[in-house]
J.: 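I am attaching a structure below and will ask some questions about it afterwards.
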2 protein chains.
Amino acid sequence: MNSLPDAFDHFAMRILPAGLSDAAHLRFQSLARYEKLECDQSLDFSDAGPHILFLARGSIKLVAHASRSRDQIVAFHFGGEMLSVPRRDHYSYSVCALRQCRIVSFPTADFLELAADDAIVMGCLLDRATMSLQRCREKAIALGRKTASERIAIFLIGMADRIGNVQEGRILLDLPMSRRDIAESLGLTIETVSRRLSALRADGAIETVGRSGIILNDLAALHGRAGFLCEAA
Amino acid sequence: MNSLPDAFDHFAMRILPAGLSDAAHLRFQSLARYEKLECDQSLDFSDAGPHILFLARGSIKLVAHASRSRDQIVAFHFGGEMLSVPRRDHYSYSVCALRQCRIVSFPTADFLELAADDAIVMGCLLDRATMSLQRCREKAIALGRKTASERIAIFLIGMADRIGNVQEGRILLDLPMSRRDIAESLGLTIETVSRRLSALRADGAIETVGRSGIILNDLAALHGRAGFLCEAA
DNA sequence: CCGCTTCCTTGATCTGGATCAAGGAAGGCC
DNA sequence: GGCCTTCCTTGATCCAGATCAAGGAAGCGG
């Protein structure tokens with residue numbers, strides 16, 4: 001319970017409109033549940049309804065459980081982001097910590113009831129949904145029409161954009177997810193991910209540092225390998 | 001121009017709140033553009049910004065153009081549905097008519113500006129985005145982790161749900177999309193789609209009628225082939 | 001610092017679906 | 001109704017990535 005207020009304040013500051021009345025603020029707060037997840041710990045939403053989560057700190061994967069231990073990672077999220085966990089449909093969903101996290105969670109229905117009158121919060125939710133939809137569509141394109149090498153390039157470009165640190169023209173990544181996670185996100189196997197990364201390393205496009213560090217030496221070269229629309233044409 | 005008012009009224013009735021002032025109503029109307037698309041005609045959005053479309057009548061595919069003539073169909077939509085065409089990102093998007101359509105289109109930015117104050121319209125947009133996200137996530141799971149047979153089963157179940165006609169315990173589908181469209185939606189080739197459908201036909205699970213008709217004899221059997229979470233377990 | 005576990009890499013083989021290649025059926029148009 | 005185009009089906013072959021199978025390196029716990 002100790003730092004619930006901190007995490008909630010963080011949420012309130014980023015999401016709730018500045019002019020929100022104290023009463024409304026308190027109603028949101030009374031709805032919030034605070035979760036602290038250690039690495040590799042999961043929140044299972046298969047029986048709960050849909051939830052809206054604010055990830056105050058840390059990073060998580062949103063996992064869909066398809067049949068027979070075939071899981072698909074639907075999205076990664078990092079500190080400061082909001083996400084929605086869908087209600088169970090043909091699959092069940094869970095959220096699993098890649099790094100220690102602090103999460104503020106709300107049942108979607110209750111949250112929407114409070115937010116329904118507030119066009120600003122609704123706008124924020126809409127923005128977030130639109131962004132998630134955009135990412136999901138790009139992912140669908142990658143899973144439907146891209147080779148293993150292209151998917152890896154797209155993954156690295158996406159991570160560079162979201163959690164990369166630029167240093168001397170190179171981009172440093174400290175990936176919180178394992179090779180298995182990358183594979184489950186890209187619809188590949190762990191072996192294929194490893195081989196494609198090795199190939200990029202052999203070409204000098206990237207360097208690896210331990211298990212989680214990756215240095216992108218040439219982002220433009222990665223773009224060239226991503227199979228995006230030809231800019232040259 | 002003849003039936004623009006019809007299509008717009010259809011849109012207003014389904015989407016805009018009942019109590020909306022005439023002035024606001026007119027502002028939406030002044031933003032609307034009306035398009036009539038014949039079969040196989042496209043609207044190209046690669047240079048326009050993001051748009052919100054209301055599909056008054058007909059059915060369309062939302063296509064993402066990946067490199068080298070590798071297209072991925074991101075979504076199908078049918079009469080009465082609203083959809084958003086994303087802004088060009090790593091890919092460009094277009095909308096192509098599967099059957100003759102009437103479309104009311106709005107630039108997303110302008111639409112949001114008008115709608116921003118109206119919590120009801122925002123809620124409606126949010127619902128739609130959430131629904132699209134849910135469909136897109138299911139599609140991503142299918143593309144990432146499902147076999148060709150499972151994808152076909154999932155596709156048929158989805159179409160049964162959206163445009164199926166129940167008759168004597170069987171479900172009649174009149175698919176507006178070609179085998180090629182199905183393939184481009186499922187991340188397969190046209191040959192594989194055809195082979196899997198033939199296999200289902202051989203098993204008696206489905207019957208085909210001409211090019212576009214499919215009869216689902218046993219929806220439960222299709223569920224069993226879809227590789228969804230085991231209900232039996 | 002050493003041993004152990006877990007995760008990653010690399011190699012060998014296998015296979016589902018892609019690709020290549022013909023026909024064959026629908027359905028449009030004259 | 002017959003021709004012609006387009007789309008669909010089926011068969012043969014091929015290949016990217018899965019699967020199977022060992023090692024090897026990180027990083028943890030003692």
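Below, chain A is the first sequence line, B the second, and so on; all start at residue 1.
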J.: Can you tell which of C:dA18, D:dC20, D:dG17 lies closest to the side chain of B:Thr189?
T.: C:dA18

J.: What's A:Gly213 touching, base or sugar-phosphate or nothing? Going by heavy atoms closer than 4.0 Å.
T.: nothing

J.: Tell me if the aromatic rings of A:Phe111 and A:Phe54 count as close, with their centers under 6.0 Å from one another.
T.: no

J.: In terms of side-chain heavy atoms of B:Arg195, which of D:dT9, D:dT10, D:dA21 is nearest?
T.: D:dT10

J.: Using the side-chain heavy atoms of A:Ala148, tell me which of these nucleotides is nearest: D:dT9, C:dT10, D:dG17.
T.: D:dG17

J.: Could you go step by step and tell me if B:Arg87 and A:Gln134 meet the side chain to side chain contact (heavy atoms under 4.5 Å, CB included) rule?
T.: CA-CA 9 Å; B:Arg87 71 163 183 282; A:Gln134 172 125 347; 4.0 Å; yes

J.: Nearest to the side chain of B:Thr192, which nucleotide is it out of C:dG17, D:dA21, D:dA25?
T.: C:dG17

J.: Nearest-Å distance, CG (B:Leu186) to C1' (C:dG16)?
T.: 16 Å

J.: Charged N to carboxylate O under 4.0 angstrom, B:Glu207 versus B:Arg170?
T.: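 Yes, this pair counts.
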
J.: Closest nucleotide of DNA chain C for A:Arg201 versus for A:Arg211: which of these residues is on the 5' side?
T.: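 Result of the comparison: A:Arg211.
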
J.: In terms of side-chain heavy atoms of A:Ser178, which of D:dT9, D:dC7, C:dC8 is nearest?
T.: C:dC8

J.: By the 4.0 Å heavy-atom rule, please label A:Ser198 as base, sugar-phosphate, or nothing.
T.: sugar-phosphate

